[in-house]
J.: 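The structure follows.
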2 protein chains.
Amino acid sequence: MKRNKQERQKLLQSTIEGTPFITDEELAKRFGVSVQTIRLDRLELSIPELRERIKHVAQQQLDTVKALPLEEVIGEMIDLQLDEAAISILDIQREHVFSRTKIARGHHLFAQANSLAVAVINDELALTASANIRFTRQVKEGERVIAKARVVSIEEARTTVEVTSYVDKEAVFSGEFIMYRSTGE
Amino acid sequence: MKRNKQERQKLLQSTIEGTPFITDEELAKRFGVSVQTIRLDRLELSIPELRERIKHVAQQQLDTVKALPLEEVIGEMIDLQLDEAAISILDIQREHVFSRTKIARGHHLFAQANSLAVAVINDELALTASANIRFTRQVKEGERVIAKARVVSIEEARTTVEVTSYVDKEAVFSGEFIMYRSTGE
DNA sequence: ACTACTATTAGTACCAGCTCTTAAAAAAGG
DNA sequence: CCTTTTTTAAGAGCTGGTACTAATAGTAGT
């Protein structure tokens, strides 16, 4: 049953990926084989033992806890002149793309632009009222998106912000954001 | 040496908090006491053992990773008729709102609508080409947003999808998404 | 000095969840 | 049938502990 082994190992891999906190014993029960077989499989697939897996996950947490401020701004703000202009950078990583095509999902580019539009407003409250956006080129995993926001008009309670995002000087996204603002409330 | 004990326990607490991946043995060396003393201290301070500590940290990581937008669809899909219509639900929680005002950030509503527009397309590849959106009412933490997508026209390589999102039958967001589609590639 | 008490250390048995090794049984293929 | 692959078993050893018992050191009270 060569087939069975291969299939089991594939399943094993994805099972452990999905639920890394699983012991060999539980896996053995789930697949209807002995614990030894599971261990052989892990050996062949170079999957570390439970404790190592847990440690690894925890290590990531320790590493990223300080890097992830659950930001108000999506991407890294590198320039900000209130009511005038702002620039932010977003590195497209695995979590931003469709797993199949590796193309960035639109809402991440939107999020970067939108949060930049919010940040550039020099007021207590800034909310997006409407937006008109275009995705002009696909962005792939690994690319760095630079979003540039420019305030084009300030009216009573509305501000218009234009955001264009680039990868290597090439425009990939552009949008006009009508922002609602109010000092009170 | 009552004092010494108290001081050691305080130090122990902060040491473990700072570097949770430390064994009792290492701690014993660091404080110049026996391993048993460290264990007594942990017992008195209700500090769990190394493995439990690692597990705890990892568990947090796993929780946040799974809560983050790793999903292909933002929100929970509750109805899907390909190339026709789709409905999804998104509960607005703390991570979706501005911490100060508790108002949902626009890009989350956009993300829900956009990913719904992508999902309703019956094709290999579906990308947002452009969108025209309006935020018609603020959405607050705790509210449930129901997004309804409707395919309005299918052309050569473009499909137009209209998405309107509601909270309690009241429209909070609406958008027209021009989607690029292609069976090949 | 004797006693009481706390703090520390030591030692033993046990546990989960493994690794590593040797070996035998079972299944599949030629 | 024999060979090879796959699976299972059995045993020793490891880490980092828990739980429990007991001995020892130090300190204070009377």
Side-chain angles (χ1 to χ4, degrees), chain A residues 1-68 94-95 99, chain B residues 1-68 70:
Chain A
M1 279 209 204
K2 243 177 204 162
R3 199 101 167 265
N4 233 321
K5 188 186 176 182
Q6 275 187 15
E7 273 177 25
R8 190 190 56 234
Q9 293 198 343
K10 274 198 179 174
L11 256 173
L12 188 80
Q13 194 129 36
S14 60
T15 302
I16 290 180
E17 215 155 305
T19 52
F21 292 22
I22 189 168
T23 60
D24 289 355
E25 215 175 333
E26 286 175 276
L27 286 164
K29 260 183 208 161
R30 194 172 291 202
F31 291 105
V33 293
S34 72
V35 175
Q36 284 80 354
T37 302
I38 296 294
R39 291 186 174 157
L40 251 175
D41 285 346
R42 276 200 301 100
L43 195 74
E44 287 174 13
L45 299 169
S46 315
I47 297 173
E49 63 163 293
L50 170 62
R51 285 161 185 165
E52 288 306 312
R53 295 194 306 261
I54 292 180
K55 212 173 187 171
H56 187 169
V57 173
Q59 196 58 64
Q60 284 187 324
Q61 167 78 348
L62 282 193
D63 290 348
T64 56
V65 146
K66 282 143 197 169
L68 260 177
R94 195 173 324 133
E95 66 262 31
S99 46
Chain B
M1 280 206 202
K2 243 174 202 164
R3 209 146 171 212
N4 233 321
K5 188 186 177 182
Q6 274 188 16
E7 273 178 26
R8 189 189 59 232
Q9 292 198 344
K10 272 195 179 175
L11 256 173
L12 188 80
Q13 194 128 38
S14 60
T15 301
I16 291 180
E17 215 154 304
T19 53
F21 292 22
I22 191 168
T23 62
D24 289 354
E25 216 176 332
E26 286 175 276
L27 287 163
K29 262 183 209 161
R30 194 172 291 203
F31 291 104
V33 294
S34 72
V35 175
Q36 282 80 356
T37 302
I38 296 294
R39 289 183 176 159
L40 252 174
D41 286 345
R42 276 201 301 99
L43 196 74
E44 287 174 12
L45 299 169
S46 315
I47 296 172
E49 63 164 291
L50 170 64
R51 285 159 186 164
E52 289 306 312
R53 295 193 306 261
I54 292 180
K55 212 172 185 171
H56 187 148
V57 173
Q59 195 57 63
Q60 284 186 325
Q61 167 78 351
L62 226 59
D63 287 351
T64 56
V65 159
K66 282 193 172 146
L68 280 174
L70 276 179

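Only this structure's heavy atoms are used, side chains among them; waters, hydrogens and symmetry mates stay out. Note on naming: letters A, B, ... go to the chains in the order of the sequence lines (proteins, then strands), and numbering restarts at 1 for each one.
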J.: Not counting sequence neighbours, which residues clear salt bridge (Lys or Arg N to Asp or Glu O under 4.0 Å) with A/Arg51? List them please.
T.: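 Checked A/Arg51 against salt bridge (Lys or Arg N to Asp or Glu O under 4.0 Å); zero matches.
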J.: Could you check how far NZ of A/Lys29 sits from P of D/dT8, rounded to whole Å?
T.: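 Going from NZ in A/Lys29 over to P in D/dT8 covers 15 Å.
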J.: For a quick test of reading the model: is some side-chain N or O of A/Arg51 closer than 4.0 Å to OP1 or OP2 of C/dT19?
T.: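 Checking C/dT19 against A/Arg51, no side-chain N or O comes under 4.0 Å of OP1 or OP2.
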J.: Could you tell me how far apart B/Asn4 (CG) and C/dT6 (P) are, to the nearest whole angstrom?
T.: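 B/Asn4 atom CG is separated from C/dT6 atom P by 18 Å.
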J.: Do any of residues 30-49 of chain A sit with a heavy atom less than 4.0 Å from DNA chain D, and if so which?
T.: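 Of all residues in residues 30-49 of chain A, the ones placing a heavy atom under 4.0 Å from DNA chain D are A/Val33, A/Ser34, A/Gln36, A/Thr37, A/Leu40.
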J.: With sequence neighbours excluded, what pairs up with B/Glu26 under the salt bridge (Lys or Arg N to Asp or Glu O under 4.0 Å) test?
T.: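 Applying salt bridge (Lys or Arg N to Asp or Glu O under 4.0 Å) to B/Glu26 gives none.
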J.: Tell me, which pairs form a side-chain hydrogen bond (donor to acceptor under 3.5 Å, both in side chains) where one or both residues lie in residues 10-20 of chain B, sequence neighbours left out?
T.: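 Output for this query is empty, none listed.
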J.: Of the nucleotides D/dT7, D/dT18, C/dG17, which has the atom closest to the A/Lys5 side chain?
T.: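 Within the option list, the nearest is D/dT7.
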J.: Taking side-chain contact (heavy atoms from CB on, under 4.5 Å) as the test, write out the residues that go with B/Leu40, two or more places apart.
T.: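 Here the qualifying residues are B/Glu44.
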J.: Mind checking salt bridge (Lys or Arg N to Asp or Glu O under 4.0 Å) for A/Asp24 and listing every partner two or more places apart, or none if nothing turns up?
T.: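 Per chain and number, A/Asp24 pairs via salt bridge (Lys or Arg N to Asp or Glu O under 4.0 Å) with A/Arg39, A/Arg42.
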J.: Taking atom P of D/dT8 as reference, at what distance in whole Å does atom CD of A/Glu25 sit?
T.: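 From A/Glu25 CD to D/dT8 P: 14 Å.
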J.: Could you tell me the separation between the CD atom of B/Glu26 and the C1' atom of D/dG16, rounded to a whole number of Å?
T.: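 In whole Å, D/dG16 C1' lies 11 Å from B/Glu26 CD.
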